[in-house]
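Just so it is clear, the values below take in all heavy atoms, side chains as well, and ignore hydrogens, waters and symmetry mates. A, B, ... follow the sequence lines: proteins, then strands. Residue 1 opens every chain.
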Amino acid sequence: MPQITLPDGSKRDYENPVSVAEIAESIGPGLAKAALAGRVDGSLVDTSFTIDADAEVAIITERDDDGLEVIRHSCAHLMAQAVQRLFPKAQVTVGPVVEDGFFYDFAFERPFTPEDLQAIEQTMRSIVKENLQIERSILSRKDAIAMFKKMGEDYKVEIIEGIPGDEDLSFYQQDDFIDLCRGPHVPSTGKFKAFKLTSVAGAYWRGNAENEMLQRIHGTAWGSKKDLNLYLQRLEEAEKRDHRKLGKRLDLFHFQEEAPGMAFWHPKGWRIYQVVQDYMRQVQNANRYKEINTPQLVDYTLWEKSGHASKFAEEMFSVESDNRMYAIKPMNCPCHIQVFNQGLKSYRDLPLRFAEFGSCHRYEPSGSMHGLMRVRSFVQDDGHIFCTEDQIQSEVADFMELLFAVYRDFGFDDVMLRLSTRPEKRVGADELWDDAEQALKDALNATSLPWELVPGEGAFYGPKIEYSLKDCMGRVQQCGTIQVDFFLPERLGARYVAEDDSRKTPVMLHRAVLGSFERFIGVLIEHFGGAMPTWLAPEQAIILNITDKQAEYCEKLQESLKNKGFRVSADLRNEKIGFKIREHTLQKIPYLLVVGDKEVESGTVAVRKRGGEDLGTMTFDDFCKHLSQDVASFGRTPRPQP
RNA sequence: GCUCGCAUAGCUCAGGCGGUAGAGCGCUUCAUUGGUAAUGAAGAGGUCUCCGGUUCAACUCCGGAUGUGAGCACCA
């Protein structure tokens, strides 16, 4: 006689054990139809799940986040079924839910083509029409292995053999298609309303590049056609903000074959770069960093000493000259230690904070490059703090404060924190790792912000915290980092004189706020959709004359604004004002200053913002004040219209 | 690096069962001096990424290289 408590607190009594579907039915036929799964005492189950004791039950529909997960997971099965109908020789492997959709990996004798994708989608639709029941069953490991062996599903056999323990396994079957799965799943294939296959690409079996390559088909699935369309619109919006497209359209930078993965910065892009760099320089100075600069080419033996050559030889560019091998520096830290090593350092010198806008080159794998986001030539806002073990925690805390302030100035309020701990391949004793990891954990806990632990993802010389920004599209962009390093200073002979006159090795903290300027500017372009806040905009205002008559006045205004330190240009071409407005609006210049006879006469400008907002006519001085205030607010104001 | 696509004018893209190409925008010139998202006309502009092969003939078909896109792997 189970008593069921529903989410609204109401209770229902049933005579006999009752399934989730029956509960939904007893509440109403609409809900029964919409029911995709249930939540019984907090855990997700199929609608066929039978409840024989008192329980809290919620009916999951497409409107729940969990419902969407179930739809996507089931949709992966639906796709796998369609693939096997069309291509019986295709083997199924794994098909999980991912953000906004799902994928399924297949092993097949030939690659799937875009036409295949269409056919698969078509078949999926007809399976939906067939409205097949999806049924859960339990099999012993032995029987399951035997079944998949008989079906020729070698990967499934491998998966099951890899599952520890001896417990029974659950399976889901729709018609002749059966898959190993924890579930839950929707009750029948008629429940899918909106899905679309989006891409096919290679993916290694079990994510290991040593293994064979499977074919991964990605799809997206939603509770309604409307949601699907919203998602597709979101994709379009992201495409419009793509920094590679905007970089071209706004004339910021370009790439070409002769220098793969290395940006050619155009005047306007370089303007942004310079502003960002000047800003960081000022922040670093204010935070007691000492800026230095170190060589691009450094003898290969230094990289052998530092340990980088043995791990990253393939990813380093090198140059031979005069019978000597040099590496083009892939990072700055060994060079910073060389600067530290000049002259005898005392504990009184610590913490010693070096900063460098260090130009680095790395031979990134060709397939990993992506516009400005992943390049072979980049500049980091790099810094290394030499300190004692006692100073680690306060240095990390100070750094985090600096980092959050910088991110706020750039308009990012949502920062995600991750702690990566010791990897398998590493140097140094475990006790040192214990201390380093603990120091970072303490610093993280001191922030009261949530953070995520990523075991095994640390650098080979120490654990690290990574700081990721959430951009306006909700995408996560890793930028900042701080890494504790007990080993490199030791390897490269860094020493200081301690209070007791002994020689000690300093701890080194590697840290960057923006990461690489290239990447960070890519992130900024996409975050703002090219409409940079005024302090970052390559051109902050442009003066437009109505006719030739005002040209001289416009030039005077331009000169005057330039003298005040603003980035201003004038468009005095013989074009109609509407044409000029359109052109510079599309170039996303924050302020358009229109000057006709009226303005010349009264010493004013008519101000229009790039979003179309008309600020009206104001005196030149008032406009200067307005512009100054806008610049001084950095990116902390509401985000400008793209 | 791996799998599968893609590469045509400065840009965005059409195109052709193999007979050396076209649009819009931009650019140049001329006319127009016009008040808040495109004034009109004329003109110039291409080794169809590169290297091989097949063919009487290749931008088109085949092979390779390079770059690039999606995904995977990698990311000090």
Round to the nearest Å and state the distance from A/R573 atom CZ to B/G35 atom P. 18 Å

Of the options A/R582, A/R610, A/K268, which is the one that meets A/Q587 in a side chain to side chain donor-acceptor pair (under 3.5 Å)? A/K268

Mark yes or no for a side-chain to base donor-acceptor pair under 3.5 Å between A/N574 and B/G34, with no hydrogen or angle criteria applied. yes

Expressed as a whole number of Å, how far does the P atom of B/C6 sit from that of B/G52? 23 Å

Using the P atom as the reference point in each nucleotide, state the distance between B/A9 and B/C59 in Å, no decimals. 15 Å

Can you check the distance between B/U60 and B/A14, where both ends of the measurement are the C1' atom (answer in whole Å)? 15 Å

Tell whether A/D614 reaches the base of B/U36 with its side chain through a donor-acceptor pair below 3.5 angstrom. no

Between the base of B/G35 and the side chain of A/E599, is there a donor and acceptor pair under 3.5 angstrom? yes

RNA chain B: 5'-proximal contact among A/K576 and A/T617 (nearest heavy atom): A/T617

Watson-Crick or G-U counterpart of B/G18, or none if no pair lies under 3.5 Å: none

If you check the A/I577 side chain, which of B/A37, B/G26, B/G35 turns out closest? B/G35

What string of B, S and - do you get for nucleotides 69-76 of chain B, 5' to 3', when a contact is any protein heavy atom under 4.0 Å? SBBBBBBB

A/P260 has a side chain; which of B/U12, B/U36, B/G67 sits nearest to it? B/G67

Whole-angstrom distance between B/U20 and B/C56, as gauged at atom C1': 15 Å

